[in-house]
Peer 1: 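The following block contains the structure, expressed as structure tokens.
These numbers were taken from a predicted model, which means no experiment stands behind them. Lettering follows sequence order; numbering is per chain, from 1.
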Amino acid sequence: ARQRLLDAFETVNNNFADLFKRLFNGGQAELRLIESDDPLEAGLEIMASPPGKKLASMSLMSGGEQALTATALIFAVFMANPAPVCVLDEVDAPLDDANVERFCRLLHEMAQETETRFVIITHHALTMSRMNRLFGVTMIERGVSQLVSVDLNKAEQLAAAE
Amino acid sequence: ARQRLLDAFETVNNNFADLFKRLFNGGQAELRLIESDDPLEAGLEIMASPPGKKLASMSLMSGGEQALTATALIFAVFMANPAPVCVLDEVDAPLDDANVERFCRLLHEMAQETETRFVIITHHALTMSRMNRLFGVTMIERGVSQLVSVDLNKAEQLAAAE
Amino acid sequence: VKFTNVRLVGFKSFVEPTDFEIREGLTGIVGPNGCGKSNLLEALRWVMGATSAKALRGDGMEAVIFAGTSMRPSRNWAEVILSLDNSDRSAPAEYNEHDTLEISRRIIRKEEGTQSVYRINQKEVRAKDVQLLFADASSGANSPALVRQGQISELISAKPQNRRRLLEEAA
Amino acid sequence: VKFTNVRLVGFKSFVEPTDFEIREGLTGIVGPNGCGKSNLLEALRWVMGATSAKALRGDGMEAVIFAGTSMRPSRNWAEVILSLDNSDRSAPAEYNEHDTLEISRRIIRKEEGTQSVYRINQKEVRAKDVQLLFADASSGANSPALVRQGQISELISAKPQNRRRLLEEAA
Ligand SMILES: Nc1ncnc2c1ncn2[C@@H]1O[C@H](COP(=O)(O)OP(=O)(O)OP(=O)(O)O)[C@@H](O)[C@H]1O
Ligand SMILES: Nc1ncnc2c1ncn2[C@@H]1O[C@H](COP(=O)(O)OP(=O)(O)OP(=O)(O)O)[C@@H](O)[C@H]1O
Ligand SMILES: [Mg+2]
Ligand SMILES: [Mg+2]
């Protein structure tokens, strides 16, 4: 079990370093096992530096940088053993447009590599425009949800309307 | 001290009920002291129902509804004793356009009632368009921040650029 | 296996039978605050055997049954049916002869409490059987592939010890 | 009193002296991820006497000094100066004869550690004096009026006991 965790750590760490670079367009990141020599007892520390900045603990990064780094970590674990479906609920909320752009490009690349079907819940107009299709959820009758197909052009109206 | 907390609770609860209605365009909300008869030992429970929905604990609401309700609570405490400056760092991140619209309208009303100066950090294009002025923060030289005045029309470009 | 459809009947705000198709590539889900988007993800995790009350909002399994509105009465049962395409025959042995797998979970409110009934291709099974089915596909209700709203923030503020558990999912 | 300006010198990513004007009504602050917006709020809380390491990102007071980049060397001091307009004469007695109040906090990295020096109108005071000054104006570094990024989420997931402390700020 200890060896399996170390192997998993190895794989995930390599994925993480690569995915971070793709999401940040450079920079570097790595995982570290801390607080114990025994991997089954250790803690997971995340060190990262966006391009042009110093390597430091993730806790010193900005809100959006932390979210993008944590997303890279979740994807790193996912890519170690890709599931047939992946659902992301508003992970792009704190990201600016440039980061959302790279996030969506990475989603397309992962979808091609793994054949995983992705479901992305979002309020971000830019994310909507990068999807293959959109479903809208509405409550025309109060308290009752309905699912409808959405024209990619009508998307922004739906997200804004009541 | 016990009486002061109860008086504060009374004021904040009334503010909260009113601010919630203004942010949700209806519905109702209230605070409850729970887990102890002694207010100095009690916990603060938040009950709320958006228009057309049942009154329930805040923990059953959607992500955006919870954020808007928590914002109403913070404003309720603020209005009990308005400070000369109020800074809000990305509190509008999980809100849709309709809620952002009401959030900004409430900010204008509070600014007039209290003469407080508000500073709103945001990524939301709609929020930017409702401000009296915009300052942009940029890192033209990597790792070095600069503050610049932003033309309200150029706003969206800045938020999106790298 | 490929996930193809999630059907919700009386699950939370989806009181009317609703088919949520899962198609190839990237599907975006949009709509105003509180309209039901996260409820879709919860329905998927619920039918896959999610049991942790913390990860499913609500103080108990009953919280998933449509609670009624001022215009509609509450219900006393809820069901979610997940359809899987097994044409690549990658399902576990005992279900692998079928082209389609249908996993359903129904909860019924009775006087003595609520009861969840699980079925795979109409045959009643235990919760454990459903959880194991997805564990084989490395895609259980708690898999890293299903990222709940706010889970990214939780990961950022988590103690290093708790973050390490994420690795254990991959091991 | 009215807050009119926050001047940052060598504070985190604001290595060049920067004047952040606080004007009437609603001022929006915009920019890409990581460009320094939250650092502005931290500078304000820091000069008002914030001491909790948890609420100021970083493992110690030194974390606020510009740490250098590949193109610029690090610094060994940082300063924030807050200007207040006191024409309504609502300041505490000992400072109330002045039209303007200037509160400054400077931190210097020395061999034996770092040291914060506080001044009000050029006169050196203790941290406590600055904290009390703002307590009178019900707007301390921990006042509900200064909402940090992620603080709304913290309030939502807080235990009821911790939420009650918010009320104590108002009492
Ligand atoms: N058992 C139930 N019966 C009826 N309605 C319910 C039930 N449980 C939850 N709801 C409703 O579902 C709504 C929450 O939906 P959901 O969390 O999916 O919203 P959302 O679209 O994700 O919103 P956001 O963008 O704010 O995250 C709540 O407003 C609540 O009233
Ligand atoms: N002591 C320091 N010296 C130099 N740079 C620093 C220092 N402390 C923090 N920074 C830099 O400041 C940046 C964080 O800025 P900040 O948190 O204000 O970003 P932000 O604009 O709020 O972004 P977001 O929109 O993602 O919240 C980090 O990228 C970090 O590199
Ligand atoms: Mg949601
Ligand atoms: Mg920030």
Peer 1: Would you tell me whether C/Asn86 and C/Asp99 have side-chain atoms, one donor and one acceptor, within less than 3.5 Å of each other?
Peer 2: no
Peer 1: Measure the spacing between CG of B/Leu23 and OG1 of B/Thr71 and express it to the nearest 0.5 Å.
Peer 2: 7.0 Å
Peer 1: Which atoms of B/Pro50 are under 4.5 Å from chain C, going by heavy atoms: the side chain, the backbone, both sets, or neither?
Peer 2: neither
Peer 1: For chain B, which candidate among C/Gly68, C/Ser38, C/Ser70 shows the most heavy-atom pairs at distances under 4.5 Å?
Peer 2: C/Gly68
Peer 1: If the plane angle is over 60° it's perpendicular, under 30° parallel, otherwise tilted; pick one for B/Phe103 and B/Phe75.
Peer 2: parallel
Peer 1: Checking B/Leu95 against chain C: side chain, backbone, both or neither under 4.5 Å from a heavy atom?
Peer 2: both
Peer 1: Hydrogens and angles aside, do C/Asn39 and C/Arg57 bring a side-chain donor and acceptor to less than 3.5 Å of each other?
Peer 2: yes
